[in-house]
Amino acid sequence: MGTSAEEEEPTSPKEEEWPEVEKAEKLARGAALKWASGIFYRPEQLEGLGLYRIRELQRNSSIQSRLKSTVQSYLEGMSTGLEQLHSALAEVHHVQQALESVRQELVSRADSFQKLQLLREVLLEHAQLGSVARALPRLFSDLEHLLPSPLPHTVHELLSDSFDLLQRQRLLEAHESLMELESLRDSILFQLHDHNLLSPLHLASIESYFRGLQELNEALSQHLWHIVAQGMRLMFEDPALFVSAVRIIEREEGIDATLLQRSQAPVFLPPGRPKGWRQKFFQVIRDTIVAAHFQTVPGEAQGRSIPRYLASLQSAFLAELCIVKDLMVQCCPPHYNLLSAFTNMYHQGLTRHLHQILAQDLDKQEIFAVLQWVLHVYPSAEMMAHPSLLPEVDVAALEPLLAADTVDYLEGTYVIKVQASIAEWMQKTLEMEVKEWFGETEPESDYQGCFQTTLPVIAMKMLDENIRVASLVSDTLLPKVRSMALAELEAFLGSLTEALVEFDREHQREPAASKCYASYLLSAINNCLALSSSISALCTEGPSPPEPGQIPSSLNAAVEKAQKKACRLLLDAMLEDLQPLFAQLPSRRWLSDPQMMRKICEVINTHVKGFCRARKPFSTHLLSDSEHLVMSQYVKALLQKKIVCRNAEERNQMGRRMLQDASQLKELFCSLGLEESNQSLKVIADLQELISLKDPTMLELEVPGFVTRYPDISDDHVTMLLEVRGDVSKEIRNNVLEIMAQNPQVLPENHQPIFSNILVPAPELPFCLGKPKCA
């Protein structure tokens, strides 16, 4: 269907040389075959083959003609470019030859150019002389205008007259002469500079001619700075002199501005310019303020404390700023912003000076004075926000005198120093308190008859005063001091507990040295109660109660520990007196002699009656603990197996004695104020029922009921109790113990222990081997 092999032509030599042509031809043939196969895929379509061939031949002819035209145009451009390149190359060769001839000409004429140097020097001298000739008429005319004296002496006489005017305080006239002389000198310098003739030799000649001008300038400036430094005084004595100084400064500022604008290109300024007298004006004021107020650190001056020094600064600043606002501002141009400038100078100088003060080792009063003055006095209506300074002085626009980190460091240092002072004072207070403990007089009593000392009042007053002082400084210092005060109170309570322990040791070692031992223990309990009730006042600023967690739990624990230690020592003192009496129980004599219990009651009554001198609830706690102590000692003595009943009569006699003792003790504690429902003496009556029981076999029923009422009783307690009866067989005892083991008791919540605090001797174990015979 496509072209036949006959139509293919052999490969030409050009195609062998250019493989891209062959590749392109193959691609074209392939595309033509693909196109033909798509159009002539059916026989009937071959009828239009002739038309397609004619159309394609025409298109090929058109493409070939365009290609020929393009190639022809390209070849013509290449020909034109080659011709231009040949022409440029010829011209370059021609220029090269011309330059070479010029170079050779210059080399041959080099000696002739060197002869022109003399002419150049003559020309320069001529130009200089011409410039001088043009300047002389103006110089003479100016000098004649200034002073019609003979020329050789005019400049010097003018300078002399200016010095005379300066001495007579005629500043404006003296400055006028100075300006005219400087203008004349500057005019000559500028003319020489404009003609590039200002050499060091010429400059030295001009300065020599105008010698004395610099001295006049310096003398005038010294007069000005002296006037500016005395500005506050001159506002009342001679304000016109100050105004003259300001006018002279503004004249010089105008001349500086004109010369700077003129000398922008090329850069040239006459000697001594710019003077910058306005900047010097403010610098002199700043130096005067520093010399007047910030020259001496207060700690270095004898007899001058920091609070008095800060108070003097307060009055001086306010007075001087009022003078500036009411008087000095009227003597200066508005663009000086004089009041704002003075305010900033005072503020910046005070900031630097405060850091010098803080570099010293300040005590707590001095740190407080600095903080309180900086944070409250300085920005208040008593100083920088005084009505006389408003609204021109805006305190809010000023930076803080002390940075936040500096204030925080000062607060930390203040807390450390206050803490050391409080710790020392607390220690001395405790030492005085301990010294009173060994005195011969009892502590004072309050209106309720309870013992008390001045210890809590002194301690809380000291802590409260320091907290109130901290509240005057800042809201950030207050919690720091309060936290420190609570920590010191906690440490003080720990020291108080240790002192109570040492007090007890000394009492045990030498009882006669502490005759009021119990009284001061009771006062210690009351003191701790007073401290505990005052802690909430330290943690709050008003009548509202402290928030939960605001009072440290460790502080409450320290108070409770001190109170419990004092209570424990009181009970130990009572126990010490009771132990010799309880050591005689039970015994055969005890069974028949009621006097032994009467002595015990007398000792109890003596001690417990003193407990009422403690404030509630500790008086009640001591009474209840005393009753529990007596009960436990009684039961403990009973279970020591000092006596074993030999028969039923002794068991009945022991039961009756126990009932009488329990009744006697119950009446005693009821009379002392402890209700029967709060007593634990009922256990004595319950024990006597087990001892008085006639039939030992009933113990298997009675003991479990007793265990139910007293679930903290142990097997050892029951064993010792059964042995005291003296008639319980091994089998019954084992049955009772087995029943207890089968019915273990669980201690109910808030159970008051009875037997768990009573220790009994361990039962004797049977020896399994027979006794050895003696050898």
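As a basis for the values below, the full set of heavy atoms in this structure was taken, side chains included, without hydrogen atoms, waters or symmetry mates. Everything numeric here is computed off the predicted structure, so don't read it as measured data. In this chain, residues are counted from 1 in sequence order.
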A423 versus E488, closest heavy-atom pair with distance
CB-OE1, 3.4 Å
Counting C-beta onward and ignoring hydrogens, is there a side-chain heavy-atom pair between F317 and L350 closer than 4.5 Å?
yes
Walk me through it: do S624 and N678 pass the test side-chain hydrogen bond (donor to acceptor under 3.5 Å, both in side chains)?
CA-CA 8 Å; S624 177; N678 294 328; over 6 Å; no
Ring center gap for H507 and Y520 short of 6.0 angstrom:
no
Which heavy-atom pair separates C612 from C450 by the least distance, and what is that distance?
O-SG, 4.3 Å
Other residues, nucleotides, ligands: >12 heavy atoms within 6.0 Å of E444 CD
no
Is the closest side-chain heavy-atom distance between L489 and F492 below 4.5 Å?
yes
Are the charged groups of R278 and E250 less than 4.0 angstrom apart, N to O?
yes
Could you go through the side-chain contact (heavy atoms from CB on, under 4.5 Å) check for Q314 and V377 one step at a time?
CA-CA 8 Å; Q314 177 183 350; V377 176; 3.4 Å; yes
Taking the side chain as C-beta and beyond, is there a heavy-atom pair between Q360 and E366 under 4.5 Å?
no
Flag the pair K480 and D408 as a salt bridge only when some basic side-chain nitrogen lies within less than 4.0 angstrom of an acidic carboxylate oxygen.
yes
Considering only residues two or more places apart or on different chains, which pairs with a residue in residues 413-430 satisfy salt bridge (charged side-chain N to carboxylate O under 4.0 Å, His left out)?
D361-K417, E424-K428
Over all atoms of both residues, closest heavy-atom pair of L321 and L339:
O-CD1, 3.9 Å
Donor-acceptor pairs under 3.5 Å, side chain of residues 395-406 to any protein atom, not counting sequence neighbours: which ones?
none

Looking at the rings of F438 and F503, which for Trp means the six-membered one, are their centres under 6.0 Å apart?
yes
Indicate yes or no: at least one non-hydrogen side-chain atom of R568 is less than 4.5 angstrom from one of K564.
no
Within a strict 4.5 Å, meaning less than it, do heavy atoms of the L389 and M383 side chains meet?
no
Counting heavy atoms not belonging to H226, are there more than 12 under 6.0 Å from its NE2?
no
Kindly determine whether T476 and E411 satisfy side-chain hydrogen bond (donor to acceptor under 3.5 Å, both in side chains), including the steps that lead there.
CA-CA 8 Å; T476 56; E411 290 179 352; 2.8 Å; yes
Is the charged tip of K280 near the ring of W277: under 6.0 Å from the six-membered ring centre and within 45° of its axis?
no
For residues 459-468, run the donor-acceptor check on the side chains, cut-off 3.5 Å, and write out each pair with its distance to 0.1 Å, sequence neighbours left out.
unit_1 : atom_1 : unit_2 : atom_2 : d
D464   : OD2    : R468   : NE     : 3.3
N466   : ND2    : M462   : O      : 2.7

Only distances under 3.5 Å count here; give the side-chain donor-acceptor pairs of residues 625-632 to other protein atoms, sequence neighbours excluded, each with its distance to 0.1 Å.
unit_1 : atom_1 : unit_2 : atom_2 : d
S626   : OG     : L622   : O      : 2.6
E627   : OE1    : S680   : N      : 3.3
E627   : OE1    : S680   : OG     : 3.2
E627   : OE2    : S680   : N      : 2.6
E627   : OE2    : S680   : OG     : 3.1
E627   : OE2    : L681   : N      : 3.1
H628   : ND1    : Q752   : NE2    : 3.4
H628   : NE2    : P753   : O      : 3.1
S632   : OG     : H628   : O      : 3.2
S632   : OG     : L629   : O      : 2.8

Using a 3.5 Å distance criterion without hydrogens, assess whether the side chain of N527 forms a donor-acceptor pair with backbone atoms of L455.
no
For P552 and L486 the tightest heavy-atom approach is CD-CD1, 3.8 Å
Closest approach of Y414 to K364 (non-hydrogen atoms, all atoms of both residues)
CE1-O, 3.3 Å
C528 and V559: which non-hydrogen atoms are nearest, and at how many Å?
O-CG1, 3.7 Å
Intermediate values then yes/no, side-chain hydrogen bond (donor to acceptor under 3.5 Å, both in side chains), H293 and Y309:
CA-CA 10 Å; H293 303 295; Y309 174 72; over 6 Å; no
Y336 ring center near F281 ring center (under 6.0 Å):
yes
Taking 4.0 angstrom as the limit, do K435 and E431 come out as a salt bridge?
no
Ion pair check, R615 and D446, cut-off under 4.0 Å
yes
Give a yes or no on whether the backbone of A491 and the side-chain of S495 come within a donor-acceptor separation of less than 3.5 Å.
yes
Please confirm whether the backbone N or O of K275 pairs with a side-chain atom of D256, one donor and one acceptor, at under 3.5 Å?
yes
What verdict does the side-chain hydrogen bond (donor to acceptor under 3.5 Å, both in side chains) test give for R613 and S445, after you've listed the backbone C-alpha separation in whole Å, the side-chain angles of each residue and the deciding distance to 0.1 Å?
CA-CA 8 Å; R613 307 297 292 272; S445 302; 2.8 Å; yes
Cut-off 3.5 Å, no hydrogens considered: what does the side-chain donor-acceptor table look like for residues 324-331, sequence neighbours left out?
unit_1 : atom_1 : unit_2 : atom_2 : d
K325   : NZ     : S388   : O      : 3.4

By side chain to side chain donor-acceptor pair (under 3.5 Å), which residues pair with R247, not counting sequence neighbours?
none
Measuring only between side-chain heavy atoms, which start at C-beta, is H355 closer than 4.5 Å to R352?
no
Do side-chain atoms of S514 reach the backbone of C516 as a donor and acceptor pair under 3.5 angstrom?
no
